Amino acid sequence: MTLNLLYFAWVRERIGEPRETVETSAETVMDLVAELKAREPRYELAFSDLASLRVALDQELAEFDAPLAGVREVAFFPPMTGG
Amino acid sequence: MTLNLLYFAWVRERIGEPRETVETSAETVMDLVAELKAREPRYELAFSDLASLRVALDQELAEFDAPLAGVREVAFFPPMTGG
Amino acid sequence: MAVPVRISVQAEDFDLATELSGFGHAANTGATVTFTGLVRDDTGALQHMEIEHYPGMCEDAIRKIADEAANRWALTDCLVIHRFGRLVPGEQIMMVATAARHRSEAFAAAEFLMDYLKSRAPFWKKEVTREGAEWVAAKDSDEDALSRW
Amino acid sequence: MAVPVRISVQAEDFDLATELSGFGHAANTGATVTFTGLVRDDTGALQHMEIEHYPGMCEDAIRKIADEAANRWALTDCLVIHRFGRLVPGEQIMMVATAARHRSEAFAAAEFLMDYLKSRAPFWKKEVTREGAEWVAAKDSDEDALSRW
């Protein structure tokens, strides 16, 4: 499946780009993260501490064990600091 | 001693005037209230339920057993409804 | 502490924007909260509201309440305006504004001010309808609200 | 419920007075509360703040939060404005406004909105000083604040 990945704040800075498209057969967010981490050190760095990361699937907050079936957009970012 | 008495809201309406000056030797607010109640039915009516009244001595909230020594202005009114 | 506290007890209406121009401009202000109270008319029966006040005591009583709020939450700015006289439905009755470093302080101070103004500032409201006039009774809940501070 | 909820996510500054003209004018509104968040500079070291946002998700996330507040406290009006981009100290970051029948509802809804916007609306703040740039870390207390609702 084809996924649009979005990165924000320091996740974006560590990965070095705000978005990319990937082909993957990952079943959950966790699987996808493992795939990405295996690619290059910058992903390893960005995803080193999942507790400090949040994920949104098609613009809805989700858990890391959420399934990716039917999802088109996955966004990774640190805890939000709005307001 | 000479006291300026002020009445507000329905206390004023029951007594029929917003202010008056009285000569009294009352030692406490309670004594003063007893004196006033003895004067005329409209005072009796205004002061019939002390629990629904508040008193301020020289523009500070006070209790009904507070002494009047040195006081110049006594105001009687129902619980406030500001805001 | 030299917290600017501005208080006005007035018959005239006020304009929130005008009152807030220059409000909370200290560099250490991160949050401002305003509250505006309006004459509500749920039933369509209210003709007007009459607010009576105790002129000599009003400003002093409000200042004491505002000074306590300003000190307790380290406010960087504080404003209270309260009107008296005849007000029709939809009109503004009063406003408070608080400025502080953080949102929790600005909110707490504004709520504290409102709770205390409600039952410690010498104003009395009378509602006039076609059927007659009635003094608004103080609610037990207003007195109870003070216990949380 | 047909509560008017207006949301704007924008780079431009806003004017509180302009935004509030016509706000909370329903006959059953007795109280309006506003909150404004400003770029604070306690130390004089902050050059500017950079607010990053997730454009697609922002308005939806805010709308969900605002709709919940509007329903929970029977708001008669509700407004949320949140800026993104580069902001210097003293600039307005965001505002919320709530209108309700009573003060307690207007206050609760405004605080609820702020607590949720703080950690559920996809914005990230970066502070830039002469020494460098740093992402503002979320506080545990911000997450904890949600548990009271």
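Numbered from 1 within each chain, the chains take letters A, B, ... in sequence-line order. Only a predicted model underlies this, so the values are computations on that prediction, with no experimental measurement involved.
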Of the backbone (N, CA, C, O) and the side chain (C-beta and beyond), which part of [X] lies under 4.5 Å from a heavy atom of chain A, both, or neither?
X	result
D/Lys139	neither
D/Arg83	neither
D/Ala137	backbone

Worksheet item: In residues 20-59 of chain A, which residues are in contact with chain D at a heavy-atom separation under 4.5 Å?
Response: A/Ala56, A/Gln59

Of all of [options], which one pairs up most often with chain A through heavy atoms under 4.5 Å apart?
options	result
D/Asp115, D/Leu117, D/Asp142	D/Leu117
D/Met94, D/Arg120, D/Met95, D/Lys125	D/Lys125
D/Lys64, D/Met114, D/Glu52	D/Glu52

Worksheet item: How many angstroms lie between atom NE2 of D/His53 and atom CZ of A/Phe8, to the nearest 0.5 angstrom?
Response: 8.5 Å

Are there over 12 heavy-atom neighbours, none belonging to [X], within less than 6.0 Å of that residue's [atom1]?
X	atom1	answer
A/Arg19	CZ	no
D/Glu91	CD	yes
D/Gln47	CD	yes
D/Arg86	CZ	no
D/Asp140	CG	no

Side chain to side chain, [X] and [Y], heavy atoms closer than 4.5 Å:
X	Y	value
A/Glu13	D/Trp135	yes
D/Met57	A/Leu61	yes
A/Thr81	D/Phe123	no

Answer yes or no: is there a donor N or O on one side and an acceptor on the other, between the side chain of [X] and the main chain of [Y], under 3.5 Å?
X	Y	result
D/Trp124	A/Pro78	yes
D/Lys118	A/Met80	no
D/Lys126	A/Ala9	no
D/His82	A/Gly83	yes

